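Sequence positions, counted from 1, serve as the residue numbers for this chain. Each ligand, and each atom within it, is numbered from 1 in the order the structure gives. Keep in mind the model is a prediction, meaning the values are calculated, not measured.
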Amino acid sequence: MTLPLRPELAGLEPYGAPQLDVPVLLNVNENPYPPSDAVVARIAADVAEAAHGLNRYPDRDFLGLRRDLAAYLGRESGVVLAPDQIWAANGSNEIMLHLLQAFGGPGRTALSFAPTYSMYPEYARDTSTAWVAGRRADDFSLDTTVAVESIVRHQPSVILLASPNNPTGTALPLADVEAVLAAADAVAGGCVVVVDEAYGEFRRAGTPSALELLAEHPNLAVSRTMSKAFGLAGARVGYLAAAPALIDALRVVRLPYHLSGVTQAVARAALSFADELMAQVGSLRDDRDACVAWLRERGFTVADSDANFVLFGLFDDRHAIWQGLLERGVLIREVGPEGWLRVSIGTPAEMASFRDALVEVAGL
Ligand SMILES: *Cc1c(COP(=O)(O)O)cnc(C)c1O
């Protein structure tokens, strides 16, 4: 029997980083610190409370969560946002899917600049949106002349910019985002610019957030996630800030009651500990800077990072290095342009294991 699989899916494997049972996991940019006992206790109590109401569908518009997220983003970035400027979903992966369901589709194009997040082309494929990847400059910044040329040529309806970018760690200056927005405004039929700030909280002091541009750009969407800075990857909560009219379009394509009552309770409980969790982000940022400095002292080429990971190289045989680390119990990621490897920032003990293993494997 033949299954009527869409031809563009024929022969494809499900995407995902290897989930291996290894002592030191530095491969998917998770926060290495599990929720504290106090956070766990609050989550447990609030989920128990929510469980009493699980016979009912959850609040479809999750207004309480949107209020809390708006307040958090205001504290984090200094940009005042109203709850109707916030959207949330099961991870920012689902946020991106909503964006492409609403603004992409057959006959339309999504544009990004590589190397960047490897999931973007999958969202495009799954929504039958044509996918075009332009190039970033050699230092992984955006060459705005090249970017504007691609926008003029391809007339995309959606542009995806990760900042800080995965896997390179590169944050975009606001002037670059503004150059892209200006070119997007000239696209016939309109164009939504998505700045994916999944790693926004890890940006270095003085690096701005694209949230600052929201007030002037009704076609800008800034997405964030609780998976990285909040250490809540297992809860699956992503969110986005944009003008209310853009959010209204996402409300049309979402599945009914897509955000479960349990998920809403977990997210709100964690948000009530935002200050404690952000203090931990500060120490991860310091550990990131220390990792960059250590790698440079040992002669590696290292991309500047505003994220909780570091891209470093250059290796003639990066797979051998990756494999050697794995044999020593340290799992990192073989990703990015040829010759580079990416390591997520773990606990100080995990980083020591990484350094020791790398010294051995690279023969330093
Ligand atoms: C990790 C990551 C996300 C977050 O995905 P979730 O679905 O929220 O866990 C989004 N964008 C980029 C670039 C990422 O690296």
Side-chain angles (χ1 to χ4, degrees), residues 14-19 25-32 35 65 69 72-73 86-101 110-124 126 131 133 136 140 142 158-172 177 193-203 209-210 221-241 250 254 258-260 263-264 266-267 270-271 277 281 284 288 303 305-311 332-336 340 342-346:
Y15 170 82
Q19 288 191 311
L25 292 171
L26 302 175
N27 66 328
V28 287
N29 303 339
E30 291 157 336
N31 190 315
L65 174 58
L69 287 168
Y72 163 71
L73 281 182
I86 304 291
W87 184 241
N90 296 283
S92 49
N93 277 271
E94 191 182 39
I95 293 277
M96 296 291 167
L97 196 60
H98 287 168
L99 284 162
L100 283 169
Q101 285 174 327
L111 173 69
S112 190
F113 301 92
T116 193
Y117 192 37
S118 45
M119 284 303 297
Y120 295 155
E122 305 222 351
Y123 312 140
D126 294 346
W131 169 249
R136 285 177 173 250
F140 307 130
L142 200 62
V158 179
I159 298 169
L160 299 167
L161 301 174
S163 175
N165 185 38
N166 182 6
T168 65
T170 321
L172 296 175
V177 179
V193 176
V194 183
V195 180
D196 179 354
E197 293 191 348
Y199 301 96
E201 286 91 345
F202 296 101
R203 67 194 188 275
S209 163
V222 181
S223 78
R224 295 273 184 116
T225 180
M226 296 188 77
S227 295
K228 311 285 164 54
F230 275 90
L232 224 58
R236 311 305 302 126
V237 185
Y239 57 103
L240 163 148
L250 305 180
R254 59 113 178 86
H258 69 288
L259 212 55
S260 85
T263 301
Q264 294 181 41
V266 170
L271 281 162
L277 292 163
V281 166
L284 284 166
R288 180 262 328 273
S305 177
D306 280 284
N308 67 338
F309 55 83
V310 177
L311 191 73
I332 67 169
R333 192 83 184 270
E334 194 178 348
V335 69
W340 296 83
R342 191 192 72 194
V343 62
S344 311
I345 303 302

Without swapping roles, check the side chain of R342 against the backbone of I332 for a donor-acceptor pair under 3.5 Å.
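Here the side-chain-to-backbone pair does not exist.
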
Under the salt bridge (charged side-chain N to carboxylate O under 4.0 Å, His left out) rule, collect the residues that match up with E334, sequence neighbours excluded.
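Residues passing salt bridge (charged side-chain N to carboxylate O under 4.0 Å, His left out) with E334: R318.
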
Are F202 and F309 an aromatic pair by the rule of ring centers under 6.0 Å?
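No, ring centres 6.0 Å or more apart.
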
State which residues pass side-chain hydrogen bond (donor to acceptor under 3.5 Å, both in side chains) with R254; sequence neighbours excluded, sorted by chain then number.
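For R254 there are no side-chain hydrogen bond (donor to acceptor under 3.5 Å, both in side chains) partners, ignoring immediate neighbours.
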
Restricting to side-chain hydrogen bond (donor to acceptor under 3.5 Å, both in side chains), what partner residues turn up for N93, sequence neighbours left out?
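Only Y123 meet the side-chain hydrogen bond (donor to acceptor under 3.5 Å, both in side chains) criterion with N93.
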
Step by step, work out the salt bridge (charged side-chain N to carboxylate O under 4.0 Å, His left out) result for R236 and E94.
CA-CA 9 Å; R236 311 305 302 126; E94 191 182 39; over 6 Å; no

Tell me, which residues have any heavy atom less than 4.0 Å from some atom of ligand 1?
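Around ligand 1, where the cutoff is 4.0 Å for heavy atoms, the contacting residues are G91, S92, N93, Y117, N166, D196, A198, Y199, T225, S227, K228, R236.
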
